[in-house]
Protein chains: 2
Amino acid sequence: MARTTVAEAGQHAYRRLREGITSGQFHPNERLVEASVANRLSVGRTAVRAALVRLDQEGLVTLEPNRGARVRLISDREALEIEEVRATLEAMLARRAAERATPADLRELRRMVVEMRQRVEEEDAFGYSALNAPFHQRIWAAADHPTTSRLVGSLKSQSIRLQYQTILRPGRTERSLREHEAIFEALKAHDPDAAEAAMREHLAEVLATLRWAIEGQHGTPRWLPG
Amino acid sequence: MARTTVAEAGQHAYRRLREGITSGQFHPNERLVEASVANRLSVGRTAVRAALVRLDQEGLVTLEPNRGARVRLISDREALEIEEVRATLEAMLARRAAERATPADLRELRRMVVEMRQRVEEEDAFGYSALNAPFHQRIWAAADHPTTSRLVGSLKSQSIRLQYQTILRPGRTERSLREHEAIFEALKAHDPDAAEAAMREHLAEVLATLRWAIEGQHGTPRWLPG
DNA sequence: ATCCTCAATAATGTCGACAATTCGGTGTTG
DNA sequence: CAACACCGAATTGTCGACATTATTGAGGAT
């Protein structure tokens, strides 16, 4: 029989809401009225409540006493801070990954890099960007450091909003590809210093692009999702 | 009368429970039955439930569907991982702190170092250890990087269990004091590289001490709840 | 004795009702 | 006309009741 695990509606609500927020379905600063969300997701208010508490702790929504929840708006400053932390931690993970990447890890990473190159040659910036996350995640897996992986994953979901805009920068994909290739080479050579340096450089570029995107949006006072 | 904001019992329960866990009042792996906790803290079950969800997200308790909550037992491996992350992030904070420490920051840090030295001279290891956290926190404040500070603070609360045992290592306090002094000197000189290096070295020592403590407790195969 | 079945119990998951609070508007008063 | 107290709708906070699920222990069959 269809074992749909009816129990734990809370988990369900949490995932749906989280997905809704990170995918931009709910806008930053949008109010999340418990009742509305509840019947939108076809779950009870209790479940929504639990989900909101979780998301508050996670930093994706803010929860004010007696005043409800809203999607947390990450300030520009905070977005940069998050990216800085992410860079620091991912550099550490890259170092570890270089020390212990298995042949299987390297095979998979090579496959990804090849696919990325194809996307760049086809000038498919969006397709390229979609391969970005899996590539990084595979490195986290190779680093075998669950605590940090969890942390970095959580950070990433908080700063999604600006992630999209970084795709648009002209010439960014080519450069990004070269950086990814450098990281891969360092991992393949099992050279921790090189891997850490390459990852640090890559994320410094991302950070710079982020600054560029933030500058840009100040000129263009519209940044709502299309 | 004396309306102490009766609303928000959830916050209250959260703080009490958190305090109880980090202070060791509740032991690792101990089951947290909602009803018991509720009337122990004189709050409703709803509030306890919310608190547990928060603490689960925070990593201080584990929450299994239909099977309740228990105080999370941090494995040795995980404790080391946490300490590693903390080291990485605090090194970054020290770097930033060196760049932007104000005279007030430095005055305060000097005061703390002086007091630490006194404690060491009095051979008051426990008193010395109590000054440890404020010293680090002051550096975080100087770094002016709230995102990271929050993160590091959260990590620290997860690994409290082993923190105490590190005090016991012979000769540790003297060495720790010298490390702290080195960090202070680097901050005072506004030398980011030196500050980062000093902090990194300090926390590498802490990590080593942690490993030592973990080895030690393997000799004593008693860790079951009493 | 060991394993299995199955009721009894304890604890969690969910819901609906109601109290408490916030917020926007409305009418009153100076 | 502005400031202000106040009412009402909307929303959140809390509680108790009940359904659902795990766990325990006794009894029976092999």
Side-chain angles (χ1 to χ4, degrees), chain A residues 1-18 20-21 25-73, chain B residues 1-18 20-21 25-73 224-225:
Chain A
M1 1 267 172
R3 183 183 38 212
T4 48
T5 312
V6 177
E8 232 19 270
Q11 291 282 72
H12 180 68
Y14 168 69
R15 275 194 286 267
R16 293 267 321 257
L17 239 184
R18 189 178 206 287
I21 292 173
Q25 212 170 325
F26 296 98
H27 311 35
N29 244 344
E30 178 176 347
R31 244 190 112 184
L32 297 174
V33 177
E34 294 177 2
S36 316
V37 175
N39 75 353
R40 176 162 175 179
L41 302 185
S42 310
V43 298
R45 199 157 72 93
T46 309
V48 173
R49 199 145 237 281
L52 289 175
V53 169
R54 258 207 175 75
L55 291 167
D56 174 59
Q57 193 70 25
E58 200 173 349
L60 264 66
V61 315
T62 60
L63 207 48
E64 286 175 298
N66 289 320
R67 305 194 47 204
R70 30 183 86 240
V71 178
R72 176 132 176 251
L73 171 72
Chain B
M1 340 282 173
R3 276 267 179 277
T4 49
T5 313
V6 177
E8 235 16 86
Q11 290 282 70
H12 179 68
Y14 169 69
R15 276 193 286 266
R16 292 270 318 258
L17 240 183
R18 190 178 205 287
I21 292 172
Q25 210 169 327
F26 296 99
H27 307 55
N29 243 341
E30 178 175 347
R31 246 191 111 183
L32 296 174
V33 177
E34 295 177 0
S36 316
V37 175
N39 73 355
R40 177 163 175 177
L41 303 185
S42 311
V43 297
R45 198 158 73 94
T46 308
V48 173
R49 198 147 238 279
L52 289 176
V53 170
R54 259 211 176 73
L55 292 167
D56 174 59
Q57 193 71 23
E58 199 173 349
L60 265 66
V61 315
T62 61
L63 207 46
E64 286 176 296
N66 290 320
R67 305 193 52 204
R70 29 183 87 238
V71 178
R72 177 132 176 250
L73 171 73
L224 290 171

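Reminder, nothing fancy here: chain letters follow the sequence lines and each chain counts from 1. FYI, side chains are in, hydrogens and waters are out, and symmetry mates aren't considered; it's all heavy atoms of this structure.
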Quiz item: Do B:Leu52 and B:Glu34 have side chains that get closer than 4.5 Å, going by heavy atoms?
Solution: yes
Exercise. Could you check which of C:dT14, D:dT12, C:dG13 has an atom nearest any side-chain atom of B:Glu34?
Key: C:dG13
Exercise. Kindly point out which of D:dT14, D:dT21, D:dT11 is positioned nearest to the side chain of B:Thr46?
Key: D:dT14
Practice problem: Could you check if a side-chain atom of A:His12 sits within less than 4.5 angstrom of a side-chain atom of A:Val43, using non-hydrogen atoms only? | Solution: yes
Quiz item: Is the closest side-chain heavy-atom distance between B:Leu17 and B:Arg54 below 4.5 Å?
Solution: no
Quiz item: For the pair made of CG in A:Asn39 and C1' in D:dT11, what is the distance, rounded to whole Å?
Solution: 14 Å
Quiz item: Nearest heavy-atom pair of B:Ala13 and B:Ala51: which atoms, and what distance?
Solution: C-CB, 4.0 Å
Pull out every protein N or O sitting under 3.5 Å from an N or O of nucleotides 5-10 of chain C, one pair per line with the distance.
none

Practice problem: Answer with base, sugar-phosphate or nothing: what part of the nucleic acid does A:Leu32 contact at a heavy-atom distance below 4.0 Å? | Solution: sugar-phosphate
Quiz item: Can you tell me how far C1' of C:dG13 sits from CG of B:Leu63, to the nearest Å?
Solution: 11 Å
Self-check item: Nearest-Å distance for atom pair NE2/P, residues B:His12 and D:dT14
Solution: 12 Å
Quiz item: What closest approach, in Å, do B:Val48 and B:Ala38 show between heavy atoms, and which atom pair accounts for it?
Solution: CG2-CA, 3.5 Å
For nucleotides 23-25 of chain D, print each protein N/O atom paired with a nucleotide N/O atom at under 3.5 Å, atom names and distance only.
residue : atom : partner : partner atom : Å
D:dT23  : OP1  : B:Arg67 : NE           : 3.0
D:dT23  : OP1  : B:Arg67 : NH2          : 2.7

Self-check item: Base-pair map of DNA chain C as dot-bracket, where | denotes pairing with a different strand and pairs are Watson-Crick or G-U under 3.5 Å
Solution: ||||||||||||||||||||||||||||||
Practice problem: Find the distance between CG (A:Leu63) and CG (A:Asp56) and round it off to the nearest 0.5 Å. | Solution: 4.5 Å
Quiz item: Quick one: CZ on A:Arg72 to OG1 on A:Thr62, what's the gap to the nearest 0.5 Å?
Solution: 7.5 Å
Quiz item: Does some side-chain heavy atom of A:Glu58 sit less than 4.5 Å from a side-chain heavy atom of A:Arg18?
Solution: yes
Quiz item: Within this structure, what is the CG-to-C1' distance between A:Asn66 and C:dT21, rounded to whole angstrom?
Solution: 5 Å
Quiz item: Would a 4.5 Å heavy-atom cut-off, applied to side chains only, mark A:Phe26 and A:Arg70 as touching?
Solution: no
Quiz item: Between CG of A:Leu41 and OH of A:Tyr14, what distance do you get to the nearest 0.5 Å?
Solution: 14.0 Å
Quiz item: With side chains defined as the heavy atoms from C-beta onward, is the minimum distance between B:Val61 and B:Ile21 less than 4.5 Å?
Solution: yes
Practice problem: By nearest nucleotide on DNA chain D, pick out whichever of B:Pro65 and B:Arg45 is the more 5' one. | Solution: B:Arg45
Quiz item: To the nearest Å, how far apart are A:Leu52 CG and D:dG13 P?
Solution: 10 Å
